[in-house]
There are 2 protein chains.
Amino acid sequence: MPARIEDVALKAGVSTKTVSRVFNREPNVSEKARTRVEAAARELSYRPNPSARSLAGNRSYLVALLFDNPHAGSSYVMELIVGVLQACENTHYNAMLRPLDLSADAVAAVEEFVAQFRPDALVLAPPIGDDLKILRRLDDLNIRYSAISARSAHARIGVGLDERRAAAEMVEHLAALGHRRIGHIAGRAGHGARAWRLAGYRDGLRKAGMAYDESLVVDGDFTFDSGIAAARQLLDLRDPPTAIFAANDDSACGAMHEAFERGFSIPRDLSICGFDDTPASAQVWPGLTTVHQPCREMGRIATEQVLLSIREPEAAQTVRISYEIKIRGSTGPIRANSTSMALRSTR
Amino acid sequence: MPARIEDVALKAGVSTKTVSRVFNREPNVSEKARTRVEAAARELSYRPNPSARSLAGNRSYLVALLFDNPHAGSSYVMELIVGVLQACENTHYNAMLRPLDLSADAVAAVEEFVAQFRPDALVLAPPIGDDLKILRRLDDLNIRYSAISARSAHARIGVGLDERRAAAEMVEHLAALGHRRIGHIAGRAGHGARAWRLAGYRDGLRKAGMAYDESLVVDGDFTFDSGIAAARQLLDLRDPPTAIFAANDDSACGAMHEAFERGFSIPRDLSICGFDDTPASAQVWPGLTTVHQPCREMGRIATEQVLLSIREPEAAQTVRISYEIKIRGSTGPIRANSTSMALRSTR
DNA sequence: ACGCCAATTGTCAGCGCTGTCAATTTCTGA
DNA sequence: TCAGAAATTGACAGCGCTGACAATTGGCGT
């Protein structure tokens, strides 16, 4: 049987309340008492019972990560999870996970979840933090949350990077390589990331002095397959792009796949770049030029902030984090003669 | 304030104990009582308080998934997690995650973790279930666990597939394509998967009537980079292999990468295959021939079994699950003339 | 030395539930 | 119909901790 607070109190010659104070880092404990308690606790290998603590303190010491039901290989969620776990280490808090089906009634699902497990705080992975209905309901229920989102419409606490600027920079990179027809594979409708990256694409075109051509923007949904379909559509255009900026790496990989299917050489015949810097993007050949997002760190910071907001509501904030453009082998200078078209016609 | 068990009891006109019985599916509750309690609970939106329940019942209702500290992109852990979460749905159990640093004192880490959070059961992701020291300590501490492992040396409960047979089949596939020099990139030392897949590789050679050539087996550690290094070593041999069976997909992708760097065409100049069927393996070009492991299902089953063992210790068992060889574009028939060598020499 | 205030420590009820065991009701067979 | 067994129900202590608040101690100025 593990030691209880009473055992420690007895051994240290203090009351249980003093032991409680030490373990909760409450003020007004003398140095002497603290030392004795710590020694006694160490000797008895005392660990506070989380259930008792939760029950008495009316808190769950739980942070839940809410994320979109992951299709195979959404490695960013895994990275977020690791970040959340890192943030919980050496706190009394514990992480819980909750996949959410956004196509169903997510608001009800969140409510049910919160009612059942009573987490003290939520961390909302993209695109959950972009969903106003959910945020508002959480506000109503008076539940603390932190959004991982480039620019949450609503969340006061969170973390994110300037996806719009990053996307613009990516397009400028392509422009600097001489590309004048740059396609975009857009993200899934409803995701903030779709809007920001698309807006950044347009910013980039503008900065490079190019006109926006609607036919060069094709809908996708962040999946590999949608990347294939979108690339197909773009490459079948009468005047196809010489470069494609996909809204994320998965769809960029799909686009690469389609290019290979057509016998293209990358980047000779087509430059492709993505967004996110998933592990796969460094491993495909050629390596995918993309925007690096420090997902693990984002998960950690989002959690740290929301935990901070429990202690000091005013101190917590939205943290803007920096990104990095990773230039790998999938983007290169445009060729003088448009071989890509020639190849296409031989198909 | 949420409803308490007392509120439900009052409304249903029974004692709190009866309500408790209904919610815990205990026997000896009359149909009438059950119906009334359920109605009252629904009306009050009653949810049992998990902390109170744990405290009084001396159980945590927690299942913890222990996994090796994930390097970037170990998507199988994510799949396992989803499976574990699936198994917890509609039970009173809740999943916890615990990354473990196997290079440090993992036994102590597990002990500390268990002492602090008191999970009712553990699910051990590979390669944790292969670690005898950990298993024995858990036995000593009398902690229920389930191992995800092809052939755990020790665990009575778990799930796994016959990796050895799968590996042998993979090699036979290569042999059927005409390959007579088949290299192997081995997994990380200490992982059961390394041993089983290597043994299967040898089985496959034997079945195909080929001799085992030590020089064709190179150490790896399941990472992309180790795949690059190992492929380098294999392709630099005086008489290099015409096919490489890598112990997992990440290292197979590394091998592909190295082959491309040398200007090889796959599978014309070199066949490559892996193990696991990570999402990336379907997305690289050409698609990677590999062994499909249903990770999500394995996580679910491992969890279901260990939860079952709480209710019925004798009913739980080790479940053997079936694999599937996925033949994609990265393996093909051997060419008559050994172009791969010619290409290599021009480098 | 004394009063006053702040810092420290302790007391104890009670968080919401379940285990134990006793009480009550219902069923069975003669 | 009734004893006895079986099924159902309830009373209540207590799980291990913290919140509220009361008691005690120590420091300081006069």
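In what follows, every heavy atom counts, from backbone to side chain, and hydrogens, waters and symmetry copies are set aside. What you see is a predicted model, and the numbers here were worked out from it, not measured in a lab. Chain letters run A, B, ... following the sequence lines, proteins first and then strands; every chain starts at 1.
- The shortest distance between the side-chain N/O atoms of A:S30 and the OP1/OP2 oxygens of C:dT9 is below 4.0 Å.
- Spacing between atom CG of A:L55 and atom P of C:dG14 amounts to 14 Å, rounded to whole angstrom units.
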Item checked: Derivation of the salt bridge (charged side-chain N to carboxylate O under 4.0 Å, His left out) call for A:R47 and B:E112 -> CA-CA 9 Å; A:R47 304 273 177 289; B:E112 168 63 25; 2.7 Å; yes
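- Between A:S20 and D:dC17 there is no side-chain polar atom (N or O) within less than 4.0 angstrom of OP1 or OP2.
- Atom P of nucleotide D:dT18 and atom CZ of A:R59 are separated by 8 Å, given to the nearest angstrom.
- Here the shortest heavy-atom pairing between A:V29 and A:R34 reads O-NH2, 3.6 Å.
- Between the P atom of C:dT9 and the CD atom of A:E26 lies a distance of 12 Å, rounded to the nearest Å.
- Place A:R21 and A:R47 on DNA chain D by their nearest nucleotides, and A:R47 ends up nearer the 5' end.
- The neighbour count for A:E26 CD, taken as heavy atoms of other residues, nucleotides or ligands under 6.0 Å away, is above 12.
- By the 6.0 Å and 45° rule, A:R4 does not stack over the aromatic ring of A:Y46.
- If you measure from atom CD1 of B:I5 to atom P of D:dC12, you get 17 Å, rounded to the nearest angstrom.
- The residue A:Y46 sits close only to the backbone: its heavy atoms come under 4.0 Å of sugar-phosphate atoms, none of a base.
- The 12-atom threshold is not exceeded at CG of B:N58, counting heavy atoms of other residues, nucleotides or ligands nearer than 6.0 Å.
- Rounding to whole angstrom units, CG of residue B:N28 and P of D:dG10 are separated by 13 Å.
- Using a 4.0 Å heavy-atom criterion, one finds that B:N49 contacts the sugar-phosphate atoms exclusively.
- Side-chain N/O atoms of A:S15 include none lying less than 4.0 angstrom from OP1 or OP2 on C:dT11.
- One atom, CD of B:E6, and another, P of C:dT18, lie 14 Å apart when rounded to the nearest Å.
- Going from atom CZ of B:F23 over to atom P of C:dG16 covers 15 Å, rounded to whole Å.
- Note: NZ (A:K17) to P (D:dA22) measures 15 Å, nearest angstrom.
- Contact annotation for B:P48: backbone-only contact, meaning every heavy-atom pair under 4.0 Å involves sugar-phosphate atoms and none involves a base.
- For B:R4, the side-chain atoms get nearest to C:dG16 when compared with the rest of C:dG16, D:dT9, C:dT18.
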